[in-house]
Amino acid sequence: MLRGGRVAPPETGKHMGTITTRRRKDGTEGHTAQIRIKRDGKVIYTESQTFDRKPAAQTWLKNRETALAEPGGLDKAKVQDPTFDLVIKQYKEESKRDLGRTKSQVLSTIAAGDLGRLRGSELTSPEIVKFARSLDVQPQTVGNYMSHLAAVMRVARPAWGYPIDYQAVVDARTVLEKLGAVSKSKTRERRPTIEELDLLLDHYAAMAKRRKAQLPMVDLILFAMFSSRRQEEITRIVRSDLDKEHSEVMVRDMKHPGEKEGNDVRTLLPAPALAVIERQPAIKGEDRIFPFNSGSISASFTRACQLLGIEDLNFHDLRHECVSWLFEQSWDIPRVAMVSGHRSWASLKRYTQIRKLGDKYATWKWRPRTPA
């Protein structure tokens with residue numbers, strides 16, 4: 001019996017295999033069977049798999065040793081054990097969901113590095129820890145790398161039969177947490193002030209007056225801060241999904257950790273947000289209300305903030321502003337969640353920084369209003 005999370009000594013198989021028993025966080029035991037083949041003092045092949053029951057690990061080890069000992073068995077195994085960069089390539093190609101720009105970039109970075117050159121069976125916890133500690137990024141970003149890496153490793157064996165042990169990345173994350181090398185994203189508390197919003201909107205209104213504006217940034221900013229919509233969601237909203245009578249709109253493919261596509265959510269539109277929509281001109285042959293590039297919106301906002309001397313403010317902070325503004329007006333959690341699309345209070349509260357009760361925009365000159 002293991003005590004205090006200690007690891008049992010490896011049990012040596014008849015030929016080249018070992019079984020190592022570890023106690024998991026939930027108190028259960030995991031039995032990792034590993035095969036390692038050396039030639040001339042160099043490891044030329046390794047393979048492992050973790051089981052809940054030791055007899056299952058012993059059976060797998062025996063079967064794999066027998067298969068590898070057969071003529072051509074090792075060469076066949078190597079073909080079924082591609083380098084990890086090829087595994088990542090296959091994961092990207094076969095994924096039916098849009099991985100998103102960030103995840104795709106992270107996986108490309110992993111594939112191009114030392115981990116990408118290892119065979120799947122060589123992806124051990126120490127190798128993953130070594131890679132993570134080599135990243136010159138913040139601990140929360142390391143955590144994102146581990147999450148995206150784990151997504152590939154989780155499906156590689158059941159989907160394609162590759163000898164990749166998912167437990168290796170689980171163990172690596174445990175080590176990295178103990179070392180303080182990974183952490184969750186910090187709760188952001190930045191909200192724009194009315195003075196900052198006045199600066200931004202006056203700036204964009206002047207640009208529009210001079211006909212130098214390529215985007216209707218005044219309305220895009222106002223819609224974001226009164227609807228809580230992300231820039232990508234704003235550019236996907238269509239008139240056919242708008243229900244003016246109930247002040248609702250369907251948001252297609254709303255961002256969610258487990259559902260990048262098909263996560264369509266009907267959301268409530270606060271009155272100022274609906275007023276912004278109602279003043280948008282209809283474009284023949286175009287169903288989108290805001291038919292613009294989301295990246296251009298963010299880039300324009302960032303440039304304007306730099307020009308005006310507004311520090312540490314990004315377009316996504318307008319989503320925080322909306323949620324906090326609604327709570328400041330004493331909206332309850334279910335109703336706020338109908339606007340933001342959050343599924344739980346745990347995720348919603350990250351966007352909540354209440355300053356003062358009441359509607360601070362009640363008499364604001366830029367507040368959108370529906371014509372009487």
Side-chain angles (χ1 to χ4, degrees), residues 187-235 237 247 249 251 267-281 289-290 292-331 335-336 339-342 348-371:
T187 300
R188 186 170 169 83
E189 298 182 355
R190 182 67 160 96
R191 291 180 63 181
T193 64
I194 288 182
E195 291 74 21
E196 289 172 333
L197 290 169
D198 283 340
L199 276 175
L200 282 164
L201 296 173
D202 285 339
H203 166 74
Y204 280 118
M207 287 183 64
K209 192 173 183 180
R210 298 194 304 268
R211 297 184 178 181
K212 290 187 176 182
Q214 296 180 332
L215 297 167
M217 287 298 295
V218 169
D219 279 355
L220 289 166
I221 289 172
L222 291 172
F223 184 73
M225 63 178 287
F226 287 116
S227 71
S228 85
R229 298 276 59 82
R230 304 173 178 89
Q231 62 207 43
E232 296 88 352
E233 296 167 353
I234 291 174
T235 58
I237 293 174
S247 194
V249 70
V251 178
T267 62
L268 182 64
L269 287 169
L274 181 60
V276 174
I277 284 181
E278 290 182 327
R279 68 192 192 195
Q280 299 311 302
I289 297 172
F290 301 100
F292 310 107
N293 181 279
S294 62
S296 299
I297 295 172
S298 177
S300 176
F301 188 88
T302 299
R303 286 195 301 269
C305 286
Q306 292 172 344
L307 178 66
L308 299 170
I310 300 173
E311 298 181 354
D312 189 35
L313 185 68
N314 56 54
F315 195 85
H316 191 77
D317 291 330
L318 301 177
R319 176 168 167 81
H320 293 238
E321 177 61 22
C322 179
V323 172
S324 298
W325 168 67
L326 294 173
F327 277 120
E328 287 172 348
Q329 296 175 83
S330 301
W331 282 40
R335 196 171 176 215
V336 173
V339 175
S340 68
H342 286 96
L348 179 58
K349 68 181 179 182
R350 287 172 57 85
Y351 285 81
T352 307
Q353 293 89 37
I354 297 176
R355 304 281 166 79
K356 185 178 180 181
L357 294 180
D359 184 358
K360 69 178 184 180
Y361 297 116
T363 59
W364 188 40
K365 67 176 182 178
W366 290 104
R367 183 188 179 105
R369 302 180 190 277
T370 302

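Just so you know, residue 1 is the first one in the sequence shown, and it goes up from there.
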Least distance between heavy atoms, Asn293 atom then Gly295 atom: OD1-N, 2.8 Å
Contact check, side chains of Ile221 and Trp366, non-hydrogen atoms, under 4.5 Å: no
Residue pair Lys365 / Asp198: nearest heavy atoms and the distance that separates them: CE-OD1, 3.9 Å
Full working for side-chain contact (heavy atoms from CB on, under 4.5 Å) between Trp331 and Val339: CA-CA 11 Å; Trp331 282 40; Val339 175; 3.7 Å; yes
Validation row: Leu222, Pro272 side chains within 4.5 angstrom (heavy atoms): no
Stepwise side-chain contact (heavy atoms from CB on, under 4.5 Å) test for Leu220 and Met217: CA-CA 5 Å; Leu220 289 166; Met217 287 298 295; 3.9 Å; yes
Donor-acceptor under 3.5 Å (Arg190 side chain, Asp317 main chain): no
Thr235 side chain to Phe290 backbone, donor-acceptor under 3.5 Å: no
Any side-chain heavy-atom pair of Tyr204 and Ser300 under 4.5 Å: yes
Exceeds 12 heavy-atom contacts within 6.0 angstrom, atom NZ of Lys209: no
Separation of Leu199 CG from Leu307 CG (nearest 0.5 Å): 10.0 Å
From Ser228 atom OG to His320 atom NE2, the distance as rounded to the nearest 0.5 Å: 10.5 Å
Polar side-chain atom of Arg191 near backbone of Leu318 as donor-acceptor pair, under 3.5 Å: no
Listed partners of Phe226 passing ring-ring contact (aromatic ring centres under 6.0 Å, His included), at least two apart: Trp325, Tyr361
Contact summary for Ala224 and Cys322, nearest pair of heavy atoms: O-CB, 4.3 Å
Check: Ser298 main-chain N/O paired with Thr302 side-chain donor or acceptor under 3.5 Å: yes
Inter-residue atom distance Leu197.CG - Met225.CE, 0.5 Å rounding: 5.0 Å
ring-ring contact (aromatic ring centres under 6.0 Å, His included): pairs with one or both residues in residues 296-315, sequence neighbours excluded: Phe301-Phe315
Trace of the side-chain contact (heavy atoms from CB on, under 4.5 Å) decision for Asp359 with Arg367: CA-CA 11 Å; Asp359 184 358; Arg367 183 188 179 105; 2.7 Å; yes
Gap separating the CZ atom of Arg279 from the CZ atom of Phe223, nearest 0.5 angstrom: 11.5 Å
Approximate separation, where rounding is to 0.5 Å, of Ile237 CD1 and Ile289 CD1: 6.0 Å
Nearest atoms (heavy-atom pairs only) where Lys360 meets Pro192: NZ-O, 4.1 Å
Approximate separation, where rounding is to 0.5 Å, of Glu195 CD and Ile310 CD1: 10.5 Å
Steps toward side-chain contact (heavy atoms from CB on, under 4.5 Å) verdict (Thr267, Arg229): CA-CA 10 Å; Thr267 62; Arg229 298 276 59 82; 4.0 Å; yes
